[in-house]
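Below is one structure, written out as C-alpha cells; the observations come after it.
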Protein chains: 2
Amino acid sequence: MNKGRVTVVDIARAAGVSKSTVSLVLQASPLVNEATRAKVNAVIRELGYVYNRGAANLRQSASSRIIGIIVNDLTNSFFAELAVGMDMVMQSAGYVQFLSNSAESVDRQREVIASMREHGISGLILSPARGTEAADLKPLAASGIPVVAVVRNVVGAKVSSLSSDNHAGAKDAVRHLVSLGHRRIAFLGGIANTTVFGERVAGWRDALAEAGLEAPDALVIGTTASRAGGVAAIERALLVPDRPTAALCFNDAAAFGVCDGLRAAGMEPGRDFGVVGFDDVIEAETAVPALTTVSVDPQGMGRRAAQLLLKQINAGRVEPEAIVGSVRLVVRQSCGAGLKTGRKPA
Amino acid sequence: MNKGRVTVVDIARAAGVSKSTVSLVLQASPLVNEATRAKVNAVIRELGYVYNRGAANLRQSASSRIIGIIVNDLTNSFFAELAVGMDMVMQSAGYVQFLSNSAESVDRQREVIASMREHGISGLILSPARGTEAADLKPLAASGIPVVAVVRNVVGAKVSSLSSDNHAGAKDAVRHLVSLGHRRIAFLGGIANTTVFGERVAGWRDALAEAGLEAPDALVIGTTASRAGGVAAIERALLVPDRPTAALCFNDAAAFGVCDGLRAAGMEPGRDFGVVGFDDVIEAETAVPALTTVSVDPQGMGRRAAQLLLKQINAGRVEPEAIVGSVRLVVRQSCGAGLKTGRKPA
DNA sequence: GTAATTAATTGGATCGTTCCAAATTTGTCA
DNA sequence: TGACAAATTTGGAACGATCCAATTAATTAC
C-alpha cells in the first residue's frame with residue numbers, strides 16, 4: 001500500500017521532468033526555467049503534494065527547523081505568556097515548536113529532552129524544573145544544540161540564560177513601600193530554597209537595610225508560588241507578633257492569594273495592607289485593586305529568548321551569554337499609592 | 001564533516017554485529033540473543049548514540065508519534081490547562097506534541113496545520129479559531145489524519161468533537177440563582193456570535209422561561225471572553241434600568257472581571273450580587289469569594305480528547321464521533337449560597 | 001557555421017533506519 | 001552422527017528528498 005503519499009517522483013512523472021528539477025522548484029531555486037517552475041507548481045497543487053520534512057532532514061547538512069520548549073508549569077499564566085511570546089517569534093521565523101510541560105519534575109524533563117533529541121531539534125528553550133543539574137544538559141551541549149535557559153538558570157551549565165533582575169526588582173518594590181511609610185514589610189509566598197526566591201529575598205533585605213529597618217526572618221514566609229500559597233502565607237503573616245503592614249510577594253499569583261487572604265480576614269488590600277507582586281501577569285492590570293507589581297513582561301521575555309536562540313542557531317558556534325533583563329516597578333492600587341486618585345469609572 | 005552523529009552502523013561496527021541486529025535491539029525484539037543485546041546496549045551507551053526518529057519515520061509503515069495541538073488562546077488558563085491534560089496522556093503514550101497558539105487567527109491556523117502536515121503528525125487536536133471552515137480540515141481528513149475538535153466544533157467537518165454540554169450547564173447555573181431568589185439575572189461576557197455563546201445563552205433563556213421569568217435582550221451583554229470583558233460587561237449591566245441582581249458569566253475569566261467590576265462599584269460579589277462562572281479554572285476554588293461555576297474540568301477534557309485521538313490513531317479507520325461531556329455546577333461563595341457557612345480559617 | 005559560453009536539466013549516490021528473505025549457528029532427537 | 005527444527009544473525013533494498021557532477025539545450029561570439 002502506497003498510503004496515498006505523493007512524492008517528488010510522482011510529481012516529476014506527472015510534470016514530465018526529473019525529480020531533481022522538482023526538488024529545485026521546491027527550494028525556489030533560480031536555476032529553473034519559469035515555464036517549468038509554473039508547470040511543476042501546478043502539478044504539485046493538483047496532486048495535493050505534501051513536502052516531507054523528515055526525509056529532507058535526513059541529509060546531514062539540513063536543519064530540522066524544530067525547536068523545543070520546556071516550561072516547568074504551563075498552568076501558571078506567566079509561563080503560558082512566555083510560551084506565547086516565543087511562539088510568535090518562532091512562527092514567523094519558520095520554525096515549529098515542541099512545547100512540553102515538565103510539571104516541575106526532573107525525570108519528566110529528562111524524558112522530554114531525550115525525545116526531543118531523537119526528533120532532531122535545532123535548539124531548546126528551557127525553564128528548568130527545580131533540581132535540574134548541569135549534567136542534564138550536557139548531552140545537548142555535546143551535540144552542539146544551543147540551549148537557552150529562561151527564568152531560572154542552571155548552575156554550572158554552559159548555556160545561555162535569560163533571567164530578570166530579581167534583586168533590583170525586589171529592592172525597588174520594597175523602597176516604594178518604605179516611601180509610602182511602611183516599616184514592617186514581609187516577604188510572602190514562593191518556595192524557599194530556589195535561586196529566584198533567594199535573589200528576591202536578598203533585594204528585600206537590602207532595601208530594608210538601606211532604610212535602616214530590620215529584616216527579621218519571621219517576616220519571610222515561603223510557601224508555594226501559587227494563589228493558594230499566597231493565602232497560606234498571609235494567614236501566617238497576620239499571626240506574627242508586631243504584624244507587618246505591607247508585603248512584597250514572590251510573584252503575582254501569590255500576591256492575588258494574599259489579597260484573597262486579606263479579604264477573608266476582613267482587610268482590604270491597598271487600604272489596610274500594602275501588596276506588591278512580581279511578574280506583571282496580564283490580570284495584574286485588570287484585577288481590583290489593580291496589582292502594583294514588578295514588571296518582567298513575560299511575552300517580551302519569551303520573544304527575546306526566542307531571538308537569542310535563533311541567533312545562536314544561525315551563528316553555528318555556540319557562545320553562551322547570560323542576559324539579565326531589566327525590570328521596572330509598575331505602581332497601581334494594591335500598594336496603597338494609587339488609592340487617592342481612585343479608579344476612574346469608564 | 002560527519003557532524004559527530006553516531007548511527008546504527010557505527011554501533012554495529014563497534015559491537016561486531018550487523019546493523020540489522022542493532023535495529024532489532026533498538027526495537028527490543030525477542031529475536032535477539034541476550035548476550036548480544038547486552039553488548040549492543042553497552043556500546044550504545046558508550047558511544048552516546050541518539051536514535052534518529054526522522055529516519056525511522058521514512059519507512060511508510062511507521063507512525064511519527066507526533067501529534068499536533070492547536071489552541072486558539074493559550075493565555076487563557078482554560079486552554080493552558082486543557083493543554084496540560086493532553087500533555088499528560090500523550091507523554092505517557094510515548095507521543096510528543098507540537099503545540100501552537102493560533103491566537104484566534106485562521107490564517108495562522110492554516111499555516112500551522114500545513115507545517116504540521118509536513119512534519120508528518122499522526123493526529124491533531126484542535127480548538128478551532130473563530131471562523132474555521134470545514135475546508136480548512138479537508139486535506140487532513142483526505143490523508144487519513146484523525147482530527148479531534150475540542151471546545152468548539154467545526155460545522156460540516158467530518159471530524160470527531162469533544163465539547164461540553166453548554167446548554168445544560170447554563171441552565172443548571174441559572175436555576176440555582178433562581179432558587180436563591182434572584183429574579184433579574186444577566187448573562188455577561190463572551191463574544192456574541194459564537195456557537196458556544198449561543199448555546200450558553202440558550203440555556204440561560206430556557207431556565208428563565210421555565211421559572212416564568214423574562215429574559216430581555218438588554219440583560220445579555222456580550223463583550224470579550226476575558227477578565228477585561230467581564231469588567232466592561234458588569235459596568236454596562238449596572239446601568240440597565242431595573243438592574244440585575246445576579247449574573248451567569250460566559251466563562252470564569254469574565255466572572256473574575258465581573259467581581260472586580262462589582263468591587264470597583266462598591267459592591268461585594270456574593271453578598272450584593274450573585275456571580276456564577278463557567279469552566280471551573282483552578283483559581284475558581286482559591287479566589288475570594290470562591291467562584292460558583294459550571295465545572296467542565298479542563299484538564300480532564302484535555303485528557304479525554306487525547307485519549308479519543310489516540311483511539312482513532314490506533315483504530316486506523318477514522319470514524320468521527322461527537323462527544324458532549326457532561327458538566328456540573330459547583331456551588332461555592334460567589335453566588336451567595338455559601339456565605340452563611342463562611343470560609344473556615346485554615 | 002562552429003566554437004565557446006551560459007542556462008536548464010538530470011541520473012545516481014546519499015542520509016539513518018526498517019524490513020524481508022535468506023543464511024548461519026545452535027539445539028534436539030533418533 | 002546426521003537430519004531437522006528452532007534460534008539468531010545478516011545483506012540489501014526500500015523510504016523521500018537533496019546534492020553533486022555531468023549532460024543537454026539554448027545563446028552568444030567570432
Side-chain angles (χ1 to χ4, degrees), chain A residues 1-41 43-44 47-66 117-122 143, chain B residues 1-41 43-44 47-66 115 117-120 122 143:
Chain A
M1 210 253 285
N2 188 23
K3 218 178 170 184
R5 210 154 34 175
V6 181
T7 77
V8 273
V9 182
D10 299 320
I11 303 295
R13 215 186 335 259
V17 296
S18 79
K19 62 184 166 44
S20 302
T21 304
V22 176
S23 175
L24 291 173
V25 171
L26 288 174
Q27 298 167 82
S29 161
L31 289 179
V32 47
N33 183 290
E34 272 316 316
T36 316
R37 182 194 309 281
K39 189 200 294 173
V40 171
N41 277 326
V43 176
I44 284 178
L47 299 191
Y49 168 75
V50 178
Y51 184 80
N52 184 333
R53 222 163 263 280
N57 290 163
L58 214 47
R59 314 298 329 275
Q60 54 206 127
S61 55
S63 130
S64 69
R65 311 232 101 192
I66 299 178
R117 284 231 295 159
E118 295 185 353
H119 283 282
I121 52 170
S122 343
S143 29
Chain B
M1 214 252 287
N2 188 24
K3 218 177 169 183
R5 216 160 22 180
V6 180
T7 77
V8 273
V9 183
D10 298 320
I11 303 295
R13 210 180 345 251
V17 296
S18 78
K19 61 181 166 49
S20 302
T21 304
V22 177
S23 175
L24 291 174
V25 171
L26 288 174
Q27 299 166 83
S29 161
L31 289 179
V32 47
N33 183 290
E34 273 315 315
T36 316
R37 181 193 311 281
K39 188 199 299 175
V40 170
N41 277 325
V43 175
I44 285 179
L47 299 190
Y49 168 74
V50 178
Y51 184 79
N52 185 333
R53 225 164 261 281
N57 291 162
L58 214 46
R59 315 295 329 273
Q60 55 206 125
S61 55
S63 129
S64 70
R65 313 233 99 191
I66 299 179
S115 169
R117 286 232 294 157
E118 295 186 353
H119 282 282
S122 332
S143 30

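Because the structure is predicted, anything quoted here is derived from the model rather than measured. Each chain gets a letter, A, B and so on, in the order its sequence line appears, and its residues count up from 1.
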Atom-to-atom span, [atom1] of [X] to [atom2] of [N] - whole angstrom:
| X | N | atom1 | atom2 | value |
| --- | --- | --- | --- | --- |
| B:N52 | D:dC15 | CG | P | 18 Å |
| B:R13 | C:dG16 | CZ | C1' | 13 Å |
| B:R59 | D:dG12 | CZ | P | 16 Å |
| B:Y49 | C:dG16 | OH | C1' | 7 Å |
| A:L58 | C:dT18 | CG | C1' | 12 Å |

Polar-atom pairs under 3.5 Å, protein N or O versus N or O of nucleotides 6-11 of chain D: list them with distances, or write none.
residue	atom	partner	partner atom	Å
D:dT9	OP1	B:T36	OG1	2.5
D:dT9	OP2	B:N33	N	3.1
D:dT10	OP2	B:S18	N	2.8
D:dT10	OP2	B:S18	OG	3.4
D:dT10	OP2	B:T21	OG1	2.8
D:dG11	N7	B:S20	OG	3.0
D:dG11	O6	B:S20	OG	2.7

State, with a plain yes or no, whether a side-chain heavy atom of [X] is found less than 4.5 Å away from one of [Y].
| X | Y | answer |
| --- | --- | --- |
| B:L26 | B:I44 | yes |
| A:V8 | A:Y49 | yes |
| B:T7 | B:N52 | no |
| B:T36 | B:V25 | no |

Which residues pass the side-chain hydrogen bond (donor to acceptor under 3.5 Å, both in side chains) test with A:S64, sequence neighbours left out? A:S122
Under the 3.5 angstrom rule, does the side chain of B:R5 hit a backbone N or O of A:S143 as a donor-acceptor pair?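 Flag not set: sc B:R5 to bb A:S143 has no pair under 3.5 Å.
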Output yes when at least one side-chain N/O atom of B:R5 is less than 4.0 Å from OP1 or OP2 of C:dC15, else no.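 Answer no for this pair, as no side-chain N or O of B:R5 is under 4.0 Å from OP1 or OP2.
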Residue-phosphate contact under 4.0 Å: A:Q27 side-chain N/O, D:dA17 OP1/OP2: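 For D:dA17, neither OP1 nor OP2 has a side-chain N or O of A:Q27 closer than 4.0 Å.
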